Amino acid sequence: MGPWWLLHVDLDQFVAAVEVLRRPELRGRPVVVGGDGDPTRARQVVATASYEARAFGVRSGMPLRAAFRRCPEAVFLPSDPPVYEAASARVMATLRSFPVRVEVWGWDEAFVGAEVADPWALAADLRRAVLDKTGLSCAIGIGDNKTTAKIAARFGKPGGIYELTAGNWMAVMGERPAGELWGIGPKTAAKLTELGLHTVADLATADADALRARFGPRQGAWLLVLARGLGDTEIVTEPWIARSRSRETTYPRDLTDREEIAAGVAVLARELGAEIVGAGRRVTHVAVKVRFASFYTPTRVMKLRDGPTTDVAVIERAALIVLEKFRLDRPVRLLGVRVDLAMDD
DNA sequence: TCTGGGGTCCTAGGACCC
DNA sequence: TCTGGGGTCCTAGGACCC
Ligand SMILES: Nc1ccn([C@H]2C[C@H](O)[C@@H](COP(=O)(O)OP(=O)(O)OP(=O)(O)O)O2)c(=O)n1
Ligand SMILES: [Mg+2]
Ligand SMILES: [Mg+2]
């Protein structure tokens with residue numbers, strides 16, 4: 001036994017690695033996964049790129065055509081979520097086969113809590129087991145809370161182990177940009193810069209009142225905690241219950257016809273409805289999202305008046321009623337439907 | 001090179017009630 | 001009467017992450 005440690009496991013180049021598993025001849029080549037895999041078509045982006053492709057500057061979220069320009073010799077593959085889901089489940093099962101607490105956090109990562117004397121030995125064993133059982137490589141961060149463990153895994157990439165705790169937090173992170181912290185994105189980073197706060201150390205020693213004035217009481221306090229390398233230590237092992245489910249489509253060409261738009265929403269609503277019924281969940285709200293060609297993207301939502309439903313027809317009808325709230329006099333590039341789910345069943 | 005799809009959580013303002 | 005707070009529900013949007 002020993003103290004409690006918090007580890008973060010994050011798979012390397014996850015969806016690209018899963019593709020390489022089923023096509024071993026791709027190993028060592030630049031691989032780009034995204035959209036339908038055709039890098040000449042617009043309105044598609046990179047889900048992930050193998051490290052070989054990243055060497056050419058290809059990144060998640062980049063338009064597929066931009067990736068093609070940067071790396072025409074890459075192998076472009078369509079995204080195949082069910083296969084990634086299955087691979088993810090094998091990884092999580094492997095982690096859970098150890099005498100540890102496991103909190104799944106998305107497709108390709110998990111927090112692991114364990115009371116051990118030697119967290120490095122545990123991390124090495126976990127890494128080895130995941131590789132042996134699934135063929136997938138991962139990095140593991142060793143920390144004293146979720147903040148440190150998560151960032152440690154980043155330093156471990158690819159395929160390594162790194163330890164970040166209160167002992168080395170400031171030495172390692174102090175001079176790095178505050179935007180590298182998990183939860184600080186571009187907008188928050190820009191606001192911090194306006195306050196003259198550039199590094200993690202700047203933020204960690206910032207005036208609490210100034211932060212609260214700029215960010216509000218909650219976020220202001222949280223930013224300080226984050227920059228000091230503090231964070232949650234609780235591992236929730238219970239399976240995650242989804243709060244919502246959504247389906248959206250960017251069309252290859254804009255829709256302009258009202259009937260066509262309504263038909264698109266109906267299709268999405270029915271697909272979603274079928275999945276919900278399959279999952280045995282009840283729907284409380286139905287939301288519709290419309291992205292116009294300008295990229296203006298309003299959302300409208302309706303709480304179901306007659307209470308939670310499992311009726312696909314009710315969901316579809318609600319989506320079409322919500323669609324009425326939009327002025328559809330401009331070209332539409334994306335339609336989406338989201339359902340919020342009852343949390344008490 | 002114009003900008004995917006699937007999620008979560010937080011905030012703010014108006015309605016409505018006391 | 002010309003003036004209050006507070007609480008809760010509801011919707012819209014922002015921000016972030018994988
Ligand atoms: N904008 C993004 C980011 C990620 N993903 C998907 C594809 C990734 O493979 C997976 C995991 O995300 P990570 O951030 O963990 O990235 P990778 O696992 O691909 O690479 P890394 O080795 O850096 O973790 O999530 C996505 O579809 N779109
Ligand atoms: Mg990963
Ligand atoms: Mg990840």
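To find a chain, count down the sequence lines: A is the first, B the second, and so on, and within it residues start at 1. Everything quoted here is computed from the prediction, not taken from an experiment.
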Item to check | Atom CZ of Arg69(A) with >12 non-hydrogen neighbours under 6.0 angstrom | outcome: no
Checklist entry - For Gly336(A), which contact category applies under a 4.0 Å heavy-atom criterion: base, sugar-phosphate, or nothing? => result nothing
Item to check | Interatomic distance at P, dT3(B) relative to dC18(C), whole Å | outcome: 23 Å
Checklist entry - Does one side chain, of Arg291(A) or Thr297(A), offer a donor that lies under 3.5 Å from an acceptor on the other? => result yes
Item to check | Residue Asp306(A) excluded, over 12 heavy atoms near CG under 6.0 Å | outcome: no
Checklist entry - Would you call Met173(A) and Leu164(A) a side-chain contact if the rule is heavy atoms closer than 4.5 Å? => result yes
Next on the checklist: Using a 4.0 Å heavy-atom cut-off, does Pro81(A) contact any base of the nucleic acid, only the sugar-phosphate backbone, or nothing at all?
Outcome noted: nothing
Checklist entry - Base, sugar-phosphate, or nothing for Lys191(A), non-hydrogen atoms under 4.0 angstrom? => result nothing
Next on the checklist: Nearest 0.5 Å, please: how far is CZ in Arg338(A) from CZ in Arg245(A)?
Outcome noted: 14.0 Å
Checklist entry - Which nucleotide of DNA chain B is the first, and which the last, in the 5' to 3' direction, to come under 4.0 Å of a heavy atom belonging to chain A? => result dT1(B) to dT11(B)
Checklist entry - On DNA chain B, nearest-nucleotide positions of Val45(A) versus Arg69(A): which is more 5'? => result Arg69(A)
Checklist entry - Hey, does Gly183(A) reach any base, or is it just sugar-phosphate, or nothing, if we go heavy atoms under 4.0 Å? => result sugar-phosphate
Next on the checklist: At 4.0 Å (heavy atoms only), tell me whether Leu11(A) reaches a base, stays on the sugar-phosphate, or touches nothing.
Outcome noted: nothing
Next on the checklist: In terms of relative ring orientation, are Phe14(A) and Tyr84(A) parallel, tilted or perpendicular, with 30° and 60° separating the classes?
Outcome noted: perpendicular
Checklist entry - Just checking Arg41(A): base, sugar-phosphate only, or nothing, at a heavy-atom cut-off of under 4.0 Å? => result nothing
Next on the checklist: Once you apply a heavy-atom cut-off of 4.0 Å, does Gly185(A) come out as touching a base, just sugar-phosphate, or nothing?
Outcome noted: sugar-phosphate
Checklist entry - So what does Thr188(A) hit on the nucleic acid, given a heavy-atom distance under 4.0 Å: a base, only sugar-phosphate, or nothing? => result sugar-phosphate
Item to check | Residue-level proximity of residues 219-247 of chain A to DNA chain B when a heavy atom falls under 4.0 Å | outcome: Trp240(A), Ala242(A), Arg243(A), Ser244(A), Arg245(A), Ser246(A), Arg247(A)
Item to check | Syn or anti conformation of dC2(B), syn meaning chi within 90° of 0 | outcome: syn
Item to check | Heavy-atom donor-acceptor pair, Asn168(A) side chain to Thr165(A) backbone, under 3.5 Å | outcome: yes
Checklist entry - Which part of the nucleic acid, if any, lies within reach of Leu64(A) when heavy atoms closer than 4.0 Å are counted: base, sugar-phosphate only, or nothing? => result nothing
Item to check | Watson-Crick or G-U wobble partner of dC18(C), both distances under 3.5 Å | outcome: dG5(B)
Checklist entry - Under 30°, 30 to 60°, or over 60°: which ring-plane class applies to Tyr162(A) and Phe155(A), parallel, tilted or perpendicular? => result tilted
Checklist entry - NA contact type, Thr249(A), heavy-atom cut-off 4.0 Å: base, sugar-phosphate, or nothing? => result sugar-phosphate
Checklist entry - If you draw a 6.0 Å radius around CZ in Arg27(A), do more than 12 non-hydrogen atoms from other residues or ligands fall strictly inside? => result no
Next on the checklist: Could you check whether any side-chain N or O of Arg214(A) sits under 3.5 Å from a backbone N or O of Arg212(A), counting only pairs where one atom can act as donor and the other as acceptor?
Outcome noted: no
Item to check | First of Pro63(A) and Arg218(A) reached from the 5' end of DNA chain B, by closest nucleotide | outcome: Pro63(A)
